[in-house]
Structures are given as C-alpha cells and as structure tokens.
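Fair warning: this is a prediction, and the values are worked out from it, not measured in the lab.
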Amino acid sequence: MADLKIGALFSDRDYLERGYNRVVGQDVNWQWNQYISIRAHWLHSQTTARANSQGELERQQELHGSAQRIEYMFRSKRWEGTFYSERVSPDFRADNGFFGQVGYLTEFAQLTHKLGRLGFLNELNIIVSNQDSRDWQGNILRHGMRPALKLELGRDTSVNLEMASNEQQRVVSGGQLHALSFVSLLINSAPSNWLPQASARLNVGDKIDPSVDQKVKGNTLELKLAMKPQRQFDLKVYWLKEWLKNSYALQNTDNHWQRTSDSALQMQANWEIDPSLNLRVVLSRGKATRNPALYEHNLELMAFDDSLSNAFSIKKSLTSAFDVTLGVSRARLQTGKNDAYLRFQWRLE
C-alpha cells in the first residue's frame, strides 16, 4: 500500500536595515510500494538582502526565485536505480543553508547491479552514473559518465573505486570547458559503537585551478570521523588537504611541482545536557598556500591566507512541538565578523 507524506517549510530571516530572505515550499515523499519511491519538493524565495561588491549584505530590489526537484528511486534484489531532475533559478536565495549554488539545471541517473557475495566479499556492486548539468543559458557545467566498483567487506566496511574519463567541467561562468580524467577511492567503515563512522577519500588526476581557469594535476585527501564516547555526547571531525601542481605543459623549470596547497579542519560537538537542552559547538580552520611564481606575473595572489571561525548554539525544547535556539558565530577572515540570532521553531503534530 502506498505511503504518502507531505511536509512544509517556511523561513524568514530579517537582517533589519540590510533586508530579508523568506523561503516557503513543500516536500512530498511517496513510497509507492516496497520497490519504488518518489520524492519531490518546490521552494519559492523572496529576497531583498543581497550582497554588494564588497560581499556584504545590503537592502536592494526584491528578487523572486524558485527551486524544484523530483527524484525517482527503485530497488530490487539485483538492481537499484536513482533518477532526478533539479532546476534552481538564478534569483533563488535560501539563507538557511539549503543551497550553495543557483542558476542551474541538472539531470542525473545512477544504475547499480548487485552481483552478491563473491569470495571474501560480502557484496560486489557495479555502478554507472551519468550527469548533465547546465547553467540557465544552457551552457555545460558538467557532463559525463562515471563507472564504479563498490566492495562490501566485514564490520560495515565498504570500498568504492570510481573513474572519470574526459568528463567535461566548467568552473567559471563563460569560462573554458575542460576535459578531466581522474580516479577516486573512497573507504567507509563503522569500527565500533564509540566510532560509528570513519571514512577516507583520495582523488588523483586532473583538476581545475579556478583562480586562473586552468586544468592542472592534483591530489585530494579527505578524512571524516564520527565519535560517540558517551550516549549524550558526539564529536565529528573533518579534515581535507588538496594539492595542485602544474601539468607538463605548464611546468616551470625553477619550481615545477606545487602551485597551491589548501587544507581545512572542522570539529563539531553536540552535547545533550538533558532531554530538552542541547549545546552545539562548531570550530573551523582553513589555510591556503600558493606559489605566485607559477602564475602569470600580472595576477595578484597572496602567498598565504588563513581563516578561522566558530559557532555556538543552545537549543531549548519548551514543549514537544516548540523549540527556542540562541546562537552566536564569529569569523576571522580579512575582517572580523560576529553574528547572533534567536530562532523559534514550531512542529505541526
């Protein structure tokens, strides 16, 4: 029997003299049967708080935007499939953090064939995915097909090997369309109750240096840990390191290897003080090192840059359907920035 769930969203962020951002919409989840499910959402936004040339919010002419997504999923003993279509208009804004990019259209399909148990492997899957993403004018942002192998081992451990060959990508509006080839290795595991998630990802191959819109060689190493030393306390740690180096055609005889080195570290702690009171702390640190000698002489680049930010919030559940959250955030970039907010949340039951 079909199971239908319908949800609604409304958010209103008022920045006083700097304007506001409002988002309203609904979400539909339809479990057609044990094999097929459909999800869809539609959102509409109204915004007057828009970034100026310095990146600061200021009140400007009101913008209206929309975002839609429909997703179809099926699952059987030997096959799994996911297909979705997403459209986000250029003027859509969602300051609650749901969207990091606007003005695009995406069609995505992924098909998985489950071969089952094979030797020491609990399960071996063959996966093929295809994505076509374009900007609002129809220019390709990403287009390509990726084959992958997924191996399921013991202790909830999986290994995923994905490859891309001449995948088309564009990172700058109106910029060059690059053909990228790379290999990605992802390992996930759940070693114990106090360490319920540990993952590592390594990417090797072609990358794009967005500062100059050039294809270069590069490596990315990413680590994620989720720890739960106590039932009421959990800690998440995220670390990323990325190196970009000149391709052979762009090598500099004096220093031909590393042109950039970026790293990021984030720690997030959640403490359930009691069933109605929750404390959340997020600490972030980023660092970027560049080699200006490997760029054009007329390109102004700082050889070193770092950022530091932290956020604290405490949420109190006054009733089973009503929450109050008080939060403070601080950021140290080129200039310091501090924010505080008070949020009220009601749940319809």
Side-chain angles (χ1 to χ4, degrees), residues 1-3 5 29-39 69-84 86 106-131 142 144-165 167 180-206 219-242 264-270:
M1 182 177 179
D3 181 14
K5 297 179 181 178
N29 191 341
W30 190 3
Q31 188 70 42
W32 178 263
N33 54 37
Q34 60 178 326
Y35 305 109
I36 298 173
S37 64
I38 299 172
R39 291 194 62 183
R69 176 183 173 116
I70 183 167
E71 181 175 357
Y72 171 86
M73 294 167 286
F74 74 87
R75 174 180 295 183
S76 65
K77 183 178 180 180
R78 292 296 183 184
W79 295 92
E80 288 184 12
T82 300
F83 309 91
Y84 72 77
E86 191 170 45
T106 294
E107 306 288 338
F108 177 85
Q110 184 177 86
L111 187 63
T112 300
H113 182 38
K114 296 178 284 188
L115 299 178
R117 191 175 183 88
L118 185 64
F120 67 94
L121 301 176
N122 289 349
E123 188 171 305
L124 174 63
N125 296 334
I126 299 175
I127 306 171
V128 178
S129 61
N130 184 78
Q131 180 171 331
R142 174 184 157 187
M145 180 178 292
R146 296 184 185 180
L149 288 176
K150 185 175 182 181
L151 291 66
E152 299 283 352
L153 307 173
R155 294 184 176 273
D156 292 327
T157 300
S158 65
V159 179
N160 192 308
L161 179 64
E162 187 177 51
M163 295 157 284
S165 178
E167 179 176 286
L180 308 181
S181 298
F182 54 87
V183 176
S184 178
L185 176 66
L186 174 64
I187 302 175
N188 282 306
S189 184
S192 63
N193 291 334
W194 70 268
L195 186 59
Q197 182 189 13
S199 69
R201 179 174 64 92
L202 175 65
N203 283 8
V204 178
D206 296 332
N219 305 321
T220 301
L221 179 60
E222 184 179 25
L223 302 175
K224 295 180 181 179
L225 296 175
M227 293 170 278
K228 199 173 184 65
Q230 295 182 354
R231 186 180 64 84
Q232 298 89 351
F233 181 79
D234 60 83
L235 176 67
K236 295 180 180 179
V237 179
Y238 171 79
W239 179 82
L240 179 140
K241 182 77 173 182
E242 182 175 68
L265 174 65
Q266 184 181 85
M267 293 182 290
Q268 176 181 316
N270 289 281

Would W239 and L225 satisfy side chain to side chain contact (heavy atoms under 4.5 Å, CB included), going step by step from the backbone distance to the final call? CA-CA 9 Å; W239 179 82; L225 296 175; over 6 Å; no
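Of all heavy-atom pairs spanning M73 and T82, the tightest one is CG-OG1, 3.9 Å. Taking each heavy atom of S199 and N188 in turn, the nearest pair found is CB-OD1, 2.8 Å. Across S76 and Y35, no two heavy atoms sit closer than the pair CA-CD2, 4.3 Å. Of all non-hydrogen atoms in G144 and N130, the two that sit nearest each other are O-OD1, 3.4 Å. In terms of heavy-atom proximity, A200 sits nearest to L223 at CB-CD2, 3.5 Å. Taking every heavy atom of both residues into account, G205 and N219 meet most closely at N-OD1, 4.4 Å.
Heavy atoms from other residues, nucleotides or ligands lying under 6.0 Å from CZ of R69 number more than 12. Counting heavy atoms of neighbouring residues, nucleotides and ligands inside a 6.0 Å radius, atom CZ of R117 exceeds 12 of them.
Within the 4.5 Å cutoff, the side chain of L202 has no heavy atoms near those of the V183 side chain.
Checking S158 against E152 by side-chain atom types alone, no donor-acceptor pair falls below 3.5 Å.
The closest donor-acceptor contact from the side chain of R78 to the backbone of L115 lies under 3.5 Å.
Considering NZ of K236 and CE of M267, their distance stands at 15.0 Å, rounded to 0.5 Å. Within the model, atoms CD of E86 and OG1 of T106 stand 6.0 Å from one another, a figure rounded to the nearest 0.5 Å. Note that CG of L240 and NZ of K224 are 9.5 Å apart. Values are rounded to the nearest 0.5 Å. Expressed to the nearest 0.5 Å, how far CD of E80 lies from NZ of K114 amounts to 4.0 Å. The distance from atom CD1 of I126 to atom NZ of K150, rounded to the nearest 0.5 Å, is 14.0 Å. Interatomic distance, CZ of R201 versus CD of E162, reported as 10.0 Å (0.5 Å rounding).
Relative ring orientation between Y72 and F74 is described as tilted, the plane-to-plane angle lying within the 30° to 60° band.
Ion pairing between R146 and E167 holds under the 4.0 Å rule for side-chain N and carboxylate O.
For the pairing with Y238, the side chain to side chain donor-acceptor pair (under 3.5 Å) check across E222, Q266, Q268 returns one residue only, E222. When each of L149, L161, N160 is paired with I127, the side-chain contact (heavy atoms from CB on, under 4.5 Å) condition holds for N160 and for no other.
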